[in-house]
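Beneath this line is the structure, given in structure tokens, with notes to follow.
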Amino acid sequence: MCGIVGLYLKNDKYENKLGELFEPMLIAMTDRGPDSAGFAIYGDDVTGDWVKFTLRHPEEDYDWAGLTESLTGALGCAIEWMQNANVAVLKLEASEASVREWLGVNASDVLILSAGQSIEILKEVGLPENITSKFNLSRMKGSHIIGHTRMATESAVTMEGSHPFSTGSDLCLVHNGSLSNHNRLRERLKREGITFETENDSEVAAGYLTWRLNNGDSLQTALENALKDLDGFFTFTIGTKDGFAVMRDPIACKPAVLAETEDYVAMASEYQALTTLPGIENATVWEPEPATFYIWERK
Amino acid sequence: MSNDINKKNATLKESATFDRATMAEIRRAAETGIYDIRGFGAKRKVPHFDDLLFLGASMSRYPLEGYRETCNTSVTLGDRFAKKPIVLDTPVTIAGMSFGALSANAKEALGRGASIAGTSTTTGDGGMTPEERGQSKKLVYQYLPSRYGMNPDDLRKADAIEVVLGQGAKPGGGGMLLGQKITDRVAKMRNLPKGIDQRSACRHPDWTGPDDLAIKIQELREITDWQVPIYIKVGATRTYYDVKLAVKAGADVIVVDGMQGGTAATQDVFIEHVGIPTMAAIPQAVQALQEMGMHRKVQLIVSGGIRNGADVAKCMALGADAVAIGTAALVALGCNDPRWEEDYQKIGSAAGFYDDYQEGKDPAGISTQDPELMKRLDPVAAGNRLANYLRVLTLEAQTLARACGKNDLRNLEPEDLVALNVEAAAMARVPLAGTTWIPGQQY
Amino acid sequence: MKEFDLATTTVRELNQALHEQASDVTEKEWTVTNPKGSHNLAVGLDAPVNVAIQGHAGYFCAGMNKSANVTVHGNAGQGVAENMMSGVVRVKGDASQAAGATAQGGLLVIEGNAGARCGISMKGVDIVVKGSVGHMSCFMGQSGSLVVCGDAGEALGDSLYEVHIYVKGSVKSLGADCIEKEMRAEHIEELTGLLAKAGVEEDPAAFTRYGSARQLYTFKVDNASAY
């Protein structure tokens with residue numbers, strides 16, 4: 001069980017403060033999820049043939065310089081990279097597939113947290129406030145961000161089991177609730193070519209959406225299919241390159257609150273996570289209806 | 001002629017799959033079009049504590065003498081956050097059973113017997129009666145999905161609060177009480193029309209999931225000014241995860257009820273085919289607590305098929321802090337007593353077999369609301385019987401503990417046990433007798 | 001007037017002070033500032049005091065209320081006035097799901113909208129909602145009244161017992177065993193009283209009454225699909 005939060009900026013007014021506005025939202029959800037926390041921030045996009053990866057190694061003194069040198073040497077591509085605690089953010093002029101392949105063979109102890117042209121996922125075991133300070137969330141900029149605090153239910157408290165889950169390019173999902181048919185779905189999705197790192201039900205939901213989007217579904221259609229095929233209790237917040245979506249299952253027992261102003265749309269498991277946002281006193285505050293999709297996308 | 005019949009009977013072969021009881025049930029279903037509802041716990045044989053044995057004293061381990069070399073049986077429950085934890089003289093407590101399922105006399109008898117023995121009783125899915133609060137010195141108040149009879153005055157009178165997610169007989173099922181037991185008094189307490197079949201919710205109305213349960217537990221603490229311990233009760237299913245989540249949600253005490261746990265009424269298929277044996281649940285619960293550094297800090301009560309002091313001692317050895325008895329307590333009061341054999345026969349049953357608690361025609365006057373039948377149970381005499389039985393359970397457990405060299409029941413450990421068969425060894429996580437083998441340990 | 005600023009004091013201190021009024025009312029008027037969605041505000045009250053919460057409340061606000069008047073000048077999270085026994089709870093904004101859950105008495109007024117499961121398992125409370133209610137409202141409602149001036153979501157009154165439900169707007173769908181019923185003089189009178197108690201101006205004649213068909217009161221095999 002968990003706390004989930006999300007912030008989507010409708011214009012660029014607060015882009016430089018995205019992390020600063022988001023940090024207290026995540027920390028407010030600590031009681032709902034003391035085991036681990038993570039967030040996916042969208043911004044600092046790359047374009048054209050470039051791709052962005054966030055990679056993680058358990059040791060903070062890992063030789064990222066060495067890794068990136070070998071990588072660019074092998075692929076013959078341009079690169080910009082930076083380190084944030086035990087995570088490195090790499091921008092490369094290469095295909096996502098070729099980078100994944102190289103890493104799989106030459107650096108199998110490096111975990112790929114996310115890939116795409118905008119997304120950066122950072123997550124870790126521990127209290128939310130430790131994670132936000134470790135990664136310097138308050139200094140980050142971007143257009144939208146979703147986050148999660150975890151109370152592990154049927155799987156272990158591990159790094160890999162933390163949310164957000166990304167199973168596709170620029171896609172991520174956070175989940176509050178408990179699916180009941182994820183085991184068989186996981187097997188079916190594996191046969192469709194989706195790979196999984198954990199036994200976690202939320203990862204199955206992320207994998208399902210990736211599969212649908214890979215098969216040409218729009219985000220709306222993918223969510224409609226998810227509603228049919230996923231069983232259990234869930235509130236999902238989903239991030240895509242240009243978008244942000246919230247949905248609840250038809251029974252809708254798990255909480256969700258939305259707040260909208262001229263400048264942003266915010267989502268949280270509990271209202272108290274939204275109280276520090278600018279203009280919240282005058283925001284339109286409502287709860288999403290069950291089995292209904294709320295999608296915001298920048299065109 | 002009789003020779004022919006004997007020869008014929010010698011060739012009759014019963015099917016293990018379609019035995020006579022199964023065929024009778026199929027006929028009953030075909031006749032009525034409704035599932036079979038009954039009381040009691042799982043009746044089929046599953047691996048249980050009889051499959052475990054204590055090792056006892058030896059050249060390396062010395063027993064304690066009786067009497068002067070004391071073996072402590074008292075236990076404190078709920079000292080994690082509460083200002084007033086519960087201190088019991090024996091680790092055997094009385095499990096939650098509702099007024100409605102049981103008669104007022106039966107609830108009073110349970111209170112009397114428990115108080116004499118220095119232990120607690122628990123209300124059930126129907127609220128707190130003055131008889132039980134009056135007689136029971138330590139009363140645990142259940143907080144269930146139905147919220148029948150729930151009110152803050154009784155909450156403040158309770159010595160502990162038990163948030164019930166489920167019970168071993170029907171993990172995932174709500175309460176059930178049929179019209180014949182919904183008398184004026186029961187109807188009033190539960191706020192239902194008299195004589196109807198009660199439909200019950202299976203989930204709590206205002207929270208779902210451990211993250212929201214944590215907030216609900218805070219509410220209960222706030223209402224009672226943090227005075228009393230909060231228990232969480234679950235039926236034994238995914239016990240390892242459930243216990244971890246119960247700790248994270250803020251429980252002071254966790255109650256795990258195995259599949260052999262009783263009920264007053266539910267579908268037979270639910271009782272027999274959902275949940276895991278009590279013995280398989282305990283090591284999971286203890287492992288979860290140990291991994292969180294909470295063993296003995298958040299206490300563990302186990303229930304479901306506890307019958308004698310050996311069962312009590314084995315639960316303690318596997319790591320429980322206390323146990324709860326339900327069915328056994330009712331039998332001690334007089335349930336299924338052969339003295340009522342004629343009456344059992346009249347309602348299509350027999351002493352030792354009676355499980356139709358839902359009918360409300362209990363000849364022993366326990367699981368009934370019929371005023372005439374109720375009179376057969378004298379609360380004072382029955383209370384004394386329960387107190388005697390609790391005393392025997394405690395003495396038996398002490399005897400076994402002393403034989404293993406322990407001066408405290410909670411010093412019993414899994415290493416004091418061995419198993420008679422592979423299933424019990426795997427479930428209880430103790431070696432097969434005569435070997436060092438614990439099956440499945442690497443998983 | 002006693003003021004509690006939750007920016008500088010705790011919910012525990014607030015509730016403790018309010019609980020002490022149960023033995024002797026020394027202060028009738030209370031105001032709580034900076035609630036910011038905190039949970040369990042003014043729970044377990046047992047005294048005829050007036051509590052004003054200046055802002056949004058979290059879960060279970062005024063839970064198990066007895067005798068007190070609690071007003072939330074904002075929205076309330078899930079389970080507002082759950083298991084209330086008596087007194088009045090008023091939410092000026094919206095209420096989240098399970099408003100008035102299992103409540104046995106008193107009056108709950110929601111001036112905005114209520115979420116899903118409004119009045120779930122209610123056991124005698126009167127609930128008046130000026131706006132609309134979400135799905136599964138009055139699920140297993142046992143007794144009391146639910147008045148909805150707006151619309152009702154799916155499965156209204158599913159598995160209903162004896163609650164009187166009055167809805168002025170549309171009902172998306174009715175739950176198992178919940179049917180439309182005749183509005184007779186005694187119902188108009190009851191509804192008039194409830195609207196007056198809640199301080200809501202509406203014409204009772206514009207409402208439709210819903211109640212239990214009572215077909216699920218004893219199990220009949222022909223109703224098996226309802227389960």
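Convention: sequence-line order gives letters A, B, ...; per-chain numbering from 1.
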Which bit of [X] comes within less than 4.5 Å of chain B, counting heavy atoms only: side chain, backbone, both or neither?
{"X": "C/Arg117", "answer": "side chain"}
{"X": "C/Gln97", "answer": "neither"}
{"X": "C/Lys123", "answer": "both"}
{"X": "C/Tyr59", "answer": "side chain"}

If you tally heavy-atom pairs under 4.5 Å against chain C, which of B/Leu220, B/Leu192, B/Ile223, B/Asn151 wins?
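Going by pairs under 4.5 Å, I would pick B/Ile223.
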Which of the residues B/Thr224, B/Asp153, B/Leu178 is involved in the greatest number of heavy-atom pairs with chain C at under 4.5 angstrom?
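The residue among B/Thr224, B/Asp153, B/Leu178 with the greatest pair count is B/Asp153.
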So that I can tick it off, tell me whether B/Lys248 and B/Asp211 are bridged by a salt bridge, with the cut-off set at under 4.0 angstrom between side-chain N and carboxylate O.
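No, B/Asp211 and B/Lys248 are not salt-bridged.
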C/Leu18 vs C/Asp46 side-chain heavy atoms within contact, under 4.5 Å
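No - every pair of side-chain heavy atoms lies 4.5 Å or more apart.
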Is C/Lys181 positioned over the aromatic face of C/Tyr210, cation under 6.0 angstrom from the ring centre and no more than 45 degrees off axis?
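Not satisfied by the 6.0 Å and 45° rule.
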Cationic tip of B/Arg199 within the cone over C/Tyr161's six-membered ring, i.e. under 6.0 Å and within 45° of the normal?
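Judged by the rule (NZ or CZ under 6.0 Å from the ring centre, within 45° of its axis), B/Arg199 counts as positioned above C/Tyr161.
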Contact origin within [X] toward chain C - heavy atom pairs under 4.5 Å:
{"X": "B/Leu155", "result": "side chain"}
{"X": "B/Arg190", "result": "backbone"}
{"X": "B/Pro193", "result": "side chain"}

Hey, mind stepping through B/Asp252 and B/Arg221 against salt bridge (Lys or Arg N to Asp or Glu O under 4.0 Å) and telling me if it holds?
CA-CA 11 Å; B/Asp252 297 313; B/Arg221 290 199 199 279; 3.0 Å; yes
Tell me which one of C/Val109, C/Leu194, C/Val88 satisfies side chain to side chain contact (heavy atoms under 4.5 Å, CB included) with C/Asp126.
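So the option named by the test is C/Leu194.
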